[in-house]
Amino acid sequence: MPELPEVETTVRDLERKVRNRTFIDIWTDSVKMIKSPLNFEDFKKEIKNEKIQKIWRRGKNIIFELSGGKILLIHQKLTGHLLVGRWKKEKGQWKSQIKGTLDEPVNRFLHLIFSLDNGEMLGLSDLRKFAKVMLIKKEELENLKDLNELGPEPLDKDFTFEKFKERFKNKKGKIKQVLMDQQVIAGIGNIYSDEILWEAKIHPLRDVGTLNNEELGKIYIAMQKILKKGIELKGESFSDYRTPSGEKGNYDKFRKVYRREGEKCRRCGEVIQRIKIGERSAHFCPNCQK
DNA sequence: CGATTCCCCTGATAGC
DNA sequence: TGCTATCAGGGGAATC
């Protein structure tokens, strides 16, 4: 489940691996993932011979700046992940040639492959086919809702505690849901919101209005700590996320609550619980999160 | 307008 | 063994 740390890891790896590469050809078996232009032949025609100049991230969106003033935007959603390497087709099925990933189940779900001018391929593997791909003009980017309705970047140096608190003013709802609201703060999803709240010792069901200055401070500090740790460890890999090189992230070993239902809290030994908050699962320690 | 529900999709898992 | 029902889950759209 790519959230900020996974997307950041992806972008850093892509910068190394596909910057200055040119798209030669595109293949897909899932045209519905491409939202713009809607006609795949148009998409193909427009992206062919475009050179990748720069890759960056905004929230969970990956932005490829291309020559010719075009932008390729990819949102990996739940199970999407980008891989760079070589594949070959065997019996109608793409098989990864990326070291260590030959038999990885994650590579069974390649639905979009960009062939590059160095013989390598940029592939989008996505079990659920929820990922979103758009090719737009650069000037359309600033009016794109996907980006301009996003809240601030949580790790921005300018995103001070004062600004953080400002984002919660007049907000209603449970802290877990508000933290995951991309319009409040960009990039935090189900995994890291659970981890942040455990770190801050705040119960996920707490209404944001009841949080005092000290508690908000704890969340602010925890948010930075956990997201930075996530990036340092190259994200998680218990879901099908992999880095573009096909490596697993190491956050799994560090994680304190997410998908640890029934296991012991690493702080107090209490049993970790899982509840539903707004159709999403939340994991927490009922003893040390107040 | 805000809050809730539905839907996209399909492998894994549970129940029979 | 094999069929069917349920679940997960980001985010946008439809609906309450």
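Any value given below was found using the heavy atoms of this structure, including those in side chains, with hydrogens, waters and symmetry copies removed. Sequence lines set the chain letters: A, B, ... in the order given, protein chains first and strands last, and positions in each chain run from 1.
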Check residues 263-271 of chain A and write down every donor-acceptor pair under 3.5 Å in which the side-chain atom is one partner and the other belongs to a residue at least two apart or another chain.
| unit_1 | atom_1 | unit_2 | atom_2 | d |
| --- | --- | --- | --- | --- |
| A/E263 | OE1 | A/R260 | NE | 3.2 |
| A/E263 | OE1 | A/R260 | NH2 | 3.4 |
| A/R266 | NH1 | A/R255 | O | 2.7 |
| A/R267 | NH1 | A/W198 | O | 3.0 |
| A/R267 | NH2 | A/W198 | O | 2.8 |

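With rounding to whole Å, A/E279 atom CD is found 14 Å from C/dG10 atom C1'. Atom C1' of nucleotide C/dG10 and atom NE2 of A/H81 are separated by 17 Å, given to the nearest angstrom. In this structure, the NZ atom of A/K276 is 8 Å from the P atom of C/dG9, given to the nearest Å. In this entry the distance linking CG of A/L147 with P of C/dG12 reads 11 Å, nearest Å. Rounding to whole angstrom units, OH of residue A/Y241 and C1' of C/dG9 are separated by 18 Å. If you take NZ of A/K171 and P of B/dC1, they are 14 Å apart, rounded to a whole angstrom. With rounding to whole Å, A/L179 atom CG is found 17 Å from C/dG11 atom C1'. Regarding A/M180, its CE atom lies at a distance of 14 Å from the P atom of C/dG12, rounded to whole Å.
Under 4.0 Å is where a charged nitrogen must lie from a carboxylate oxygen, and between A/E166 and A/K169 at least one such pair does. By the 4.0 Å N-to-carboxylate-O rule, A/E3 lies too far from A/K60 to be salt-bridged with it.
With axes fitted over five pairs at each extremity, the angle between the ends of the helix from B/dG2-C/dC16 to B/dC16-C/dG2 is 60° (10° resolution).
For A/H75, whose side chain is taken as the heavy atoms from C-beta onward, the closest listed nucleotide among C/dA8, C/dG11, C/dG9 is C/dG11.
The phosphate of C/dG10 has neither OP1 nor OP2 within less than 4.0 Å of any side-chain N or O from A/Y192.
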Expected rows: protein N/O vs nucleotides 13-16 of chain C N/O, under 3.5 Å:
none

Can you pull every protein N or O that's under 3.5 Å from an N or O on nucleotides 7-9 of chain B?
| unit_1 | atom_1 | unit_2 | atom_2 | d |
| --- | --- | --- | --- | --- |
| B/dC9 | OP1 | A/K32 | NZ | 2.6 |
| B/dC9 | O4' | A/R128 | O | 3.4 |

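Surrounding NZ of A/K165 are more than 12 heavy atoms belonging to other residues, nucleotides or ligands, all under 6.0 Å away.
For A/D158, the side-chain contact (heavy atoms from CB on, under 4.5 Å) test picks out A/K163, with sequence neighbours left out. Under the rule for a side chain to side chain donor-acceptor pair (under 3.5 Å), the partners of A/R21 that lie at least two apart in sequence or sit in another chain are A/D117. Applying the salt bridge (charged side-chain N to carboxylate O under 4.0 Å, His left out) rule to A/E149 yields no partners; only residues at least two apart in sequence or on another chain are considered. Applying the side-chain contact (heavy atoms from CB on, under 4.5 Å) rule to A/E199 yields the partners A/A222, A/K225, A/I226; only residues at least two apart in sequence or on another chain are considered.
Counting any heavy atom pair closer than 4.0 Å across all strands shown, A/Y258 reaches sugar-phosphate atoms only and no base atom. If you check every strand for non-hydrogen atoms under 4.0 Å, A/S281 touches sugar and phosphate atoms only.
Applying the ring-ring contact (aromatic ring centres under 6.0 Å, His included) rule to pairs touching residues 45-76 of chain A yields nothing, sequence neighbours excluded. Residue pairs meeting the ring-ring contact (aromatic ring centres under 6.0 Å, His included) criterion with at least one partner in residues 111-137 of chain A, sequence neighbours excluded, are A/F23-A/F114. Counting only residues at least two apart or on different chains, no salt bridge (Lys or Arg N to Asp or Glu O under 4.0 Å) pair has a member in residues 30-39 of chain A. Residue pairs meeting the salt bridge (Lys or Arg N to Asp or Glu O under 4.0 Å) criterion with at least one member in residues 187-197 of chain A, sequence neighbours excluded, are A/K176-A/D194.
Take the nearest nucleotide of DNA chain C for A/R274 and for A/Q182: the residue whose nucleotide is more 5' is A/R274.
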